[in-house]
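Beneath this line is the structure, given in structure tokens, with notes to follow.
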Amino acid sequence: MEHGPERHALTRRGLVATGLGAAAAVSAGPALAQGTAAPAAAPANAPAGSPTKPGTLNTAPVSQAGLSPRLTLHAIDNFHGTPGAGMVCDLAMHDGTGYRPIRTVTTAPNGRTAEPLLVDEAFKAGRYELVLHLEAYFANLGVKLPTPNFLGLVPIRFRIRDASQRHHLPVLFTPWGYSYYRGS
């Protein structure tokens with residue numbers, strides 16, 4: 001049976017165009033991989049994490065079991081579908097009058113920081129702010145966006161009530177939006 005040009009291919013774009021969205025893409029499974037979607041990974045000869053093509057996550061996360069209480073971060077670039085490697089983040093703690101800078105970190109190729117944001121005696125209950133440098137992150141990757149971009153510096157404010165627990169902060173972002181939650 002022949003289908004006209006209005007038939008949508010079994011791709012994420014085609015499913016969204018027909019109103020089926022992500023649920024249909026998930027249920028399509030391997031069939032989606034045979035569609036005409038844009039390539040998900042850089043060519044084999046491209047260096048991982050290069051400025052024009054973000055690298056893919058090629059190692060599993062390390063278990064946090066048995067580690068002391070700490071605050072960790074995982075930046076996830078939903079625009080490229082990769083870890084948010086090379087993003088600068090500023091962490092500050094509220095001191096009663098304002099936010100006092102604690103440290104600046106840059107995420108590793110896996111989208112996490114090399115060390116926890118806070119651990120041991122530095123990990124305390126309180127109000128915190130993590131500022132993500134999204135505009136600079138996407139500019140470093142060569143993404144063509146309006147100037148200034150919709151999101152530049154993104155402040156994420158959160159509270160640690162119990163410093164005897166591990167706190168993990170996964171942050172998912174694009175040039176136009178972000179979400180975060182408390183993981184463990």
Side-chain angles (χ1 to χ4, degrees), residues 21-23 26 40 48-51 53-143 145-184:
V26 169
S50 69
K53 302 230 187 229
T56 58
L57 182 61
N58 55 15
T59 59
V62 177
S63 172
Q64 297 280 316
L67 296 177
S68 65
R70 58 193 57 222
L71 172 64
T72 54
L73 166 70
H74 190 186
I76 303 161
D77 178 346
N78 278 357
F79 183 71
H80 292 103
T82 62
M87 184 168 55
V88 174
C89 304
D90 301 318
L91 181 65
M93 183 177 188
H94 199 275
D95 65 4
T97 59
Y99 285 93
R100 178 183 45 83
I102 297 174
R103 65 187 299 198
T104 297
V105 296
T106 302
T107 56
N110 63 0
R112 300 170 186 266
T113 55
E115 300 172 356
L117 294 175
L118 298 170
V119 68
D120 298 329
E121 61 278 344
F123 185 56
K124 301 174 184 162
R127 293 171 35 200
Y128 291 89
E129 179 181 71
L130 182 70
V131 177
L132 311 175
H133 294 243
L134 289 187
E135 187 168 20
Y137 169 83
F138 286 109
N140 288 338
L141 291 175
V143 175
L145 297 170
T147 303
N149 188 37
F150 181 65
L151 295 176
L153 297 175
V154 173
I156 295 175
R157 291 187 174 168
F158 58 97
R159 185 180 307 249
I160 294 176
R161 296 185 193 282
D162 185 354
S164 69
Q165 299 178 4
R166 286 192 309 258
H167 289 66
H168 182 60
L169 188 61
V171 180
L172 297 84
F173 61 91
T174 72
W176 305 280
Y178 64 97
S179 66
Y180 63 97
Y181 59 95
R182 182 200 166 181
S184 59

Worksheet entry | Counterpart residues, side chain to side chain contact (heavy atoms under 4.5 Å, CB included), relative to Thr174 (two or more places apart) | Asn78, Phe79, Trp176

Practice prompt. Could I get the full list of salt bridge (charged side-chain N to carboxylate O under 4.0 Å, His left out) partners for Glu129, not counting sequence neighbours?
Written response: Arg157

Worksheet entry | Minimum heavy-atom distance between Met93 and Gly126, given as atom pair plus value | CE-CA, 4.0 Å

Worksheet entry | Non-hydrogen atoms of Ser68 and Val119 that approach each other most closely | OG-CG2, 3.7 Å

Practice prompt. Please lay out, stage by stage, how Val154 and Phe173 fare under the test side chain to side chain contact (heavy atoms under 4.5 Å, CB included).
Written response: CA-CA 10 Å; Val154 173; Phe173 61 91; over 6 Å; no

Worksheet, complete the sentence: On a heavy-atom basis, the closest approach of Ala85 and Pro109 is CB-CA, 3.6 Å

Worksheet, complete the sentence: On a heavy-atom basis, the closest approach of Gly111 and Pro83 is N-CB, 3.6 Å

Discussion item. Walk me through whether Leu145 and Phe150 qualify under side chain to side chain contact (heavy atoms under 4.5 Å, CB included).
Written reply: CA-CA 9 Å; Leu145 297 170; Phe150 181 65; over 6 Å; no

Fill in: side chain to side chain donor-acceptor pair (under 3.5 Å) against Thr104, all qualifying residues, sequence neighbours excluded
Asp90

Fill in: Euclidean distance, Leu117 CG relative to Leu73 CG, rounded to 0.5 Å
5.5 Å

Worksheet item: CD1/Ile160 to CZ/Phe123 distance, rounded to the nearest 0.5 angstrom?
Response: 4.0 Å

Item to complete: Please examine the side chains of Asn149 and Leu134, heavy atoms only from C-beta on, and report whether any two atoms are closer than 4.5 Å.
Response: no

Response to the item:
side chain to side chain contact (heavy atoms under 4.5 Å, CB included) filter on Gln165, not counting sequence neighbours, yields Asp162, His167, Arg182

Worksheet item: Do the side chains of Tyr137 and Val143 get nearer than 4.5 Å, heavy atoms only?
Response: no

Practice prompt. Check side chain to side chain donor-acceptor pair (under 3.5 Å) between Arg100 and all other residues, then give those that pass, not counting sequence neighbours.
Written response: none

Discussion item. Using side chain to side chain contact (heavy atoms under 4.5 Å, CB included), reason through Tyr178 and Ile156 one step at a time and then give a plain yes or no.
Written reply: CA-CA 10 Å; Tyr178 64 97; Ile156 295 175; 4.3 Å; yes

Item to complete: Please list, chain by chain and in numerical order, all residues satisfying side chain to side chain donor-acceptor pair (under 3.5 Å) with Thr97, sequence neighbours excluded.
Response: Asp95

Worksheet item: Who passes ring pair (Phe, Tyr, Trp, His ring centres under 6.0 Å) against Phe158, sequence neighbours left out?
Response: Tyr128

Practice prompt. Could you walk me through whether Leu169 and Leu130 pass the side chain to side chain contact (heavy atoms under 4.5 Å, CB included) test, one step at a time?
Written response: CA-CA 10 Å; Leu169 188 61; Leu130 182 70; 3.8 Å; yes

Fill in: Minimum heavy-atom distance Arg161-Ala125, with the two atoms named
O-CB, 3.8 Å

Worksheet item: Which heavy atom of Leu132 sits nearest a heavy atom of Cys89, and at what distance?
Response: CD2-SG, 3.6 Å

Discussion item. Could you measure the distance from the OG1 atom of Thr147 to the CD atom of Glu135? Nearest 0.5 Å is fine.
Written reply: 7.0 Å

Discussion item. If I take atom NE2 from residue His133 and atom OG1 from residue Thr106, how far apart are they, to the nearest 0.5 angstrom?
Written reply: 9.0 Å

Discussion item. To the nearest 0.5 Å, what is the distance between CD1 on Ile76 and OG1 on Thr107?
Written reply: 11.0 Å

Discussion item. For His168, give me all partners under side chain to side chain contact (heavy atoms under 4.5 Å, CB included), at least two apart in sequence or on another chain.
Written reply: Thr72, His74, Arg112, Pro170

Practice prompt. To the nearest 0.5 Å, tell me how far Ile102 CD1 sits from Leu71 CG.
Written response: 9.0 Å

Discussion item. Tell me if a side-chain donor or acceptor on Asp120 pairs with a main-chain N or O of Ala122 at a distance below 3.5 Å.
Written reply: no

